[in-house]
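What follows is a single structure, written as structure tokens, with notes after it.
Just so it is clear, the values below take in all heavy atoms, side chains as well, and ignore hydrogens, waters and symmetry mates. In this text, all values refer to a predicted model and were calculated from it rather than measured experimentally.
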Amino acid sequence: MMYCVASILLLFTAGVVSEKILQGPKNATVLENGTACFNCTLTGNWGVLIWMLRSRLVLTVIENFGPIETLDHFSSRNYTNGDSLILELIISEVSLKNSGVVACMLQGSETAEANLFVQVNGTLAITNHNLVVVKNTSELITCQAIGWLPIPDIKWKINGTLRKSYSNNSILRSDHLYDTTNTLKIRPSFDMEIECIASISALPEPLIDRVNITVTAGNEETRFDRTVLIAVTVSISVLTVIILLIIGLVLFCKRKKEPGSSYQDKKRSATQKQSQNGSASMDWNKGGEVNLAYSTENPSGTYSGDLPRNQNMYFSNSKVSDVRNISTDDSMDFANSHYSAQHSLSPNKIRHLTLV
């Protein structure tokens, strides 16, 4: 039907007007479900313009009538630029089947052509589930781009720095889309952020998927750390034991030395006491007076070196004055006899004298 209408219009206007295409449409690349636009610039009395897509009539524009729109997703509008006129073909919700040659054709068979490329951006994901890797160990990170057209350009970034891919494989599916698997080889020594970037020309901004890699110490490094820790612990323990042994030995030697010194001190003290007692017994001629009130016997007649603590002796004033009036000679005789009696009763007892 469209071909018949176009033919009639061309025949009707043939030879009536002279027209010319100053500039034809340009190639366009759009994403699926996007909008594609093509311009055709005319001069003079042009009459009728026909738009063709993949050799199929999709739109007709008459100079004095306007566009004749018979198909969905195809429309037209015009602009003036001085003496020239710009006719625009608009294709909305572009699909893969719209890819092909677009042409604007004037009466008299003058034609200008361009190409429409429809692209598809699919999904993008880094498939590694284990994001913890061993330090200085090689690891492969895989990124998959599913359902793309054309094959996407995939790049890697590690902490913002571009890195080369290790491998790239693409498969053409039955629906004319591509599945791409790209692999990055890493040997990390520190934590890092990895980005997989996929782009095609129709995509305003590339798709990016990111993962964070955590680096852990390897088995050898762990063993080394444990060995160092054990060595330090053993060294400290041995040093502590040695210090404790030295302290114990010093205390033991000191304790062993103290009893001998104590024994010597006690022996020396006993000797001094005996010397003092001996000198006291020899000081009778130095003017000392005998205490006649002292007795070495207890009330029961048994000899005792000391008076009982609860036994009290009472002297009258007359007896004390009598004692003081005793002559020195009598005192010496009494003392000598008293001394002999004490030694005869108990030679091992220490004599107690009270000098007045």
Tell me, please, which residues at least two apart from Ile151 pass side chain to side chain contact (heavy atoms under 4.5 Å, CB included). Ser170, Tyr178, Thr180
Which distance, rounded to the nearest 0.5 Å, do you find between the CD1 of Ile91 and the OG of Ser76? 11.0 Å
Flag side-chain contact, heavy atom, 4.5 Å: Gln144 against Asp179: no
Is there a path of hydrophobic side-chain contacts, each under 4.5 Å between heavy atoms of I/L/V/M/F/W/Y residues, joining Ile186 to Leu140? no
Return the SG to CG distance between Cys40 and Leu87, rounded to the nearest 0.5 Å. 6.5 Å
Got a sec, which residues hit side-chain hydrogen bond (donor to acceptor under 3.5 Å, both in side chains) with Thr29, two or more places apart in sequence or on another chain? none
Output for pair (Met105 CE, Thr111 OG1), nearest 0.5 Å, gives 5.0 Å
If hydrophobic clusters are built by linking Ile, Leu, Val, Met, Phe, Trp and Tyr wherever their side-chain heavy atoms come under 4.5 Å apart, do Ile200 and Trp156 end up in the same one? no
What heavy-atom pair brings Leu57 and Trp51 nearest, and what distance separates the two atoms? CD1-O, 3.4 Å
Are any non-hydrogen side-chain atoms of Leu31 and Pro204 less than 4.5 angstrom apart? yes
So which atom in Gly24 and which in Ala112 form the shortest heavy-atom distance, rounded to 0.1 Å? CA-CB, 3.4 Å
Examine Leu96 and Leu53 and state if one hydrophobic cluster contains both, with Ile, Leu, Val, Met, Phe, Trp and Tyr joined whenever side-chain heavy atoms are less than 4.5 Å apart. yes
Salt bridge (Lys or Arg N to Asp or Glu O under 4.0 Å) partners of Asp209, counting only residues at least two apart: none
Looking only at heavy atoms, what is the nearest atom pair of Glu113 and Ala103, with distance? CG-CB, 3.7 Å
Using side-chain heavy atoms (C-beta onward) and a distance below 4.5 Å, is Thr41 in contact with Asn81? no
Sequence neighbours excluded, the answer for side-chain hydrogen bond (donor to acceptor under 3.5 Å, both in side chains) partners of Arg77 is Tyr79, Glu88
Suppose we screen for side-chain hydrogen bond (donor to acceptor under 3.5 Å, both in side chains). Which residues come up paired with Asn168, at least two apart in sequence or across chains? Asn182
From Thr70 atom OG1 to Ile68 atom CD1, the distance as rounded to the nearest 0.5 Å: 8.5 Å
More than 12 non-hydrogen atoms from neighbouring residues, nucleotides or ligands closer than 6.0 Å to CG on Asp83, yes or no? no
Distance check, rounded to the nearest 0.5 Å: Leu89 atom CG versus Cys104 atom SG? 9.5 Å
The criterion is side chain to side chain contact (heavy atoms under 4.5 Å, CB included); which residues satisfy it with Ser138, sequence neighbours excluded? Lys185, Arg187
Is any side-chain heavy atom of Leu42 closer than 4.5 Å to one of Glu110? no
Residues in side chain to side chain contact (heavy atoms under 4.5 Å, CB included) contact with Asn33, at least two apart in sequence or another chain: none
Where do Trp148 and Ile154 land on the side chain to side chain contact (heavy atoms under 4.5 Å, CB included) test, with the steps shown first? CA-CA 12 Å; Trp148 290 69; Ile154 296 180; over 6 Å; no
Using atom types as modelled, flag every donor-acceptor pair under 3.5 Å from a side chain in residues 117-125 to any protein atom, sequence neighbours excluded.
unit_1, atom_1, unit_2, atom_2, d
Gln119, OE1, Ser201, OG, 3.4
Gln119, OE1, Ala202, N, 2.9
Gln119, NE2, Ser201, OG, 2.8

Start with the C-alpha distance between Thr60 and Phe65, add both sets of side-chain angles, then the distance that settles side chain to side chain contact (heavy atoms under 4.5 Å, CB included), and finish with yes or no. CA-CA 10 Å; Thr60 302; Phe65 183 78; over 6 Å; no
Evaluation steps, side chain to side chain contact (heavy atoms under 4.5 Å, CB included), between Leu131 and Asn212: CA-CA 7 Å; Leu131 301 180; Asn212 291 316; over 6 Å; no
Output side-chain donor-acceptor pairs under 3.5 Å for residues 231-238, partner residues at least two apart or in another chain, one line each.
unit_1, atom_1, unit_2, atom_2, d
Thr233, OG1, Leu229, O, 2.8
Ser235, OG, Ala231, O, 2.8
Ser237, OG, Thr233, O, 2.9

Quick one: closest heavy-atom pair of Leu49 and Leu106, and the distance? CD1-CD2, 3.7 Å
Could you give the side-chain donor-acceptor pairs of residues 189-198 under 3.5 Å, partners two or more places apart or in another chain?
unit_1, atom_1, unit_2, atom_2, d
Asp191, OD1, Val215, N, 2.7
Glu195, OE2, Arg210, NE, 2.6
Glu195, OE2, Arg210, NH2, 3.4

Once side chain to side chain contact (heavy atoms under 4.5 Å, CB included) is applied, do any residues pair with Ile243, and if so which ones, sequence neighbours excluded? Leu239, Ile247
Is there a side-chain contact between Leu59 and Leu71, using heavy atoms and a 4.5 Å cut-off? no
Within a reach of under 6.0 Å around CG of Leu251, are more than 12 heavy atoms found that belong to other residues, nucleotides or ligands? yes
same_hphob_cluster(Val134, Ile141) at 4.5 Å side-chain heavy-atom cutoff: no
Apply side chain to side chain contact (heavy atoms under 4.5 Å, CB included) to residues Ile213 and Ile158 and explain how you reach the verdict. CA-CA 10 Å; Ile213 301 297; Ile158 298 179; over 6 Å; no
If you compare all heavy atoms of Ser84 against all heavy atoms of Leu22, which two are closest, and at what distance to 0.1 Å? CB-CD1, 4.0 Å
Are Ile62 and Ile50 co-members of a hydrophobic cluster defined by side-chain heavy atoms under 4.5 Å apart? yes
Got a sec, which pairs hit side chain to side chain donor-acceptor pair (under 3.5 Å) with one end in residues 96-105, sequence neighbours left out? Ser95-Asn98
How long is the span from the NZ atom in Lys155 to the CZ atom in Arg163, to the nearest 0.5 Å? 15.0 Å
Which atoms form the tightest heavy-atom contact between Ser92 and Thr35, and what is the distance? CA-OG1, 4.2 Å
